[in-house]
Amino acid sequence: MPKNRKVIITCAVTGAIHTPTMSDALPYRPEDIARHAIDAADAGAAVLHLHARNPIDGSISIAPNDFAAFLPIIKQGTNAVVNISTGGSLKTSIEDRMAPAKYASPEMCSLNMGSMNFSFHPLADKYSDWKFDWEEDYIRKSDTYIFRNTFEDIAKVARQLGGDHKVKFEHECYDVGHLYNLKFCVNSGLFKPPIFIQFVLGILGGIGPDIDNLVFMKRTADRLFGDDYQWSVLGAGRAQMPLATQGMMMGGNVRVGLEDSLFYDRGELATSNAQQVEKVRRIAEELGFEIASPDDAREMLGLKGGDRVQF
Ligand code: KMH
Ligand code: ZN
């Protein structure tokens, strides 16, 4: 009997897009980030994609201290792979964005594969009563943000985190051009197979969340990387579950979590990260796939191991 294909579920727990006003479920205190992460892992997430927040007002933080407040709790509570964002702020340098990962030396980090507009300003008009002062400005002004990820930035991350810390990257590709950027970097010797690509669909500034676009991204990646890559897909907002489902049927892995969508179903907010993981797991199992354990993910992605992190 052939074995069922294993699907890696990544859960992105809090991110840097949504704000506390948008959902009471969005975790920002360290104990809440840790609990959401552990519950998501218990529900089937093999990889936890993590950002930090200011514990008082939920604003975006890339301070290593704010990561240090939850990473040891997560390590105690689960064997899941920890993936730390290097894209956690749209306003700071790559050096600052790498600081949490340099402190923690995790098994994985995100690495964004091109500079782009990255905006969520249309969300601002949906809310009037903001919980914290920083939120409205942050959301409204995102129409001015340029998410800087130059070739030089990418090479710095590759050398310092990939080289020194043996981190494996979640290469976040928001458009087809980012796949070509990645190919250039692979040809330059910055990254070794198996590479792990996250197709990111539905961010304003990137490619739209259509199935045709997922097919286009996948075909392009097949042409560029052949068998030397693994892939996953995240659809922002309401595209999350449909694209995850389509992605699994096309041979991919999936990412869910409140970072990418606050919803459980159309018009219904999710109550937790674990709830989204449970849903995508149910869909995967109904489709006949097995869920990859953290150790399966380590083998599939060629990770250094949970005993080689620094937190
Ligand atoms: N929220 C994602 C669309 C990162 O952390 O490096 C973008 C993201 C970036 O995950
Ligand atoms: Zn992220």
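All ligand and atom numbering here is 1-based and tracks the order in the structure. Values reported hereafter were calculated over all heavy atoms of this structure, with side chains retained and with hydrogens, waters and symmetry mates removed.
Within the sub-2.8 Å shell of the Zn ion (ligand 2), the protein contributes these N/O/S atoms: His49 NE2, His51 NE2, Glu259 OE2.
Aromatic rings from Phe67 and Phe311 are positioned such that their centres are separated by 6.0 Å or more. Remark: aromatic rings of Phe120 and Tyr138 are close, center separation under 6.0 Å. Taking the six-membered ring wherever Trp is involved, the centroid distance between the rings of Phe196 and Phe169 does not fall below 6.0 Å.
Distance from atom 1 (N) of ligand 1 to its nearest protein heavy atom, with residue and atom name: Glu259 OE2, 2.7 Å. Among protein heavy atoms, atom 8 (C) of ligand 1 sits closest to Glu172 OE1, 3.1 Å.
By the criterion of a heavy-atom distance under 4.0 Å, the side chain of Asn112, and not its backbone, is placed next to ligand 1. The side chain of Arg255, and not its backbone, has at least one atom closer than 4.0 Å to an atom of ligand 1 (non-hydrogen atoms only; side chain from C-beta on).
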Determine whether Arg282 and Glu286 satisfy the following criterion, salt bridge (charged side-chain N to carboxylate O under 4.0 Å, His left out), listing intermediate values before the conclusion. CA-CA 6 Å; Arg282 247 184 350 258; Glu286 287 289 342; over 6 Å; no
Carefully, step by step, assess Arg97 and Asn149 under the rule side-chain contact (heavy atoms from CB on, under 4.5 Å). CA-CA 11 Å; Arg97 281 160 40 193; Asn149 298 286; 2.6 Å; yes
Under the criterion side-chain contact (heavy atoms from CB on, under 4.5 Å), I'd like the reasoning laid out for Glu172 against His49: C-alpha separation, chi angles, the key distance, then a yes or no. CA-CA 12 Å; Glu172 302 211 18; His49 170 111; 3.2 Å; yes
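Although no hydrogens or angles enter the test, the distance criterion places a donor-acceptor pair under 3.5 Å between the side chain of Asn253 and the main chain of Ile8.
Those atoms of ligand 1 with a heavy atom of Ser85 less than 4.0 angstrom away are 4 (C), 5 (O), 6 (O). Atoms of ligand 1 lying under 4.0 Å from at least one heavy atom of Ile203, given by number and element, are 3 (C). Applying the 4.0 Å criterion to heavy atoms of Val200 picks out, from ligand 1, the atoms 3 (C).
Ring geometry, Trp231 versus Phe199: the interplanar angle falls from 30° to 60°, so the pair is classed tilted.
Qualifying side chain to side chain donor-acceptor pair (under 3.5 Å) partners for Asp210, counting only residues two or more places apart in sequence or in other chains: Asn213.
Dense packing is recorded around CD of Glu268, with more than 12 heavy atoms of other residues, nucleotides or ligands lying under 6.0 Å away.
Here's the thing with His51: one of its N/O atoms is less than 3.5 angstrom from an N/O atom of ligand 1.
Around atom 9 (C) of ligand 1, the closest heavy atom drawn from Phe147, Phe118, Tyr174 belongs to Tyr174.
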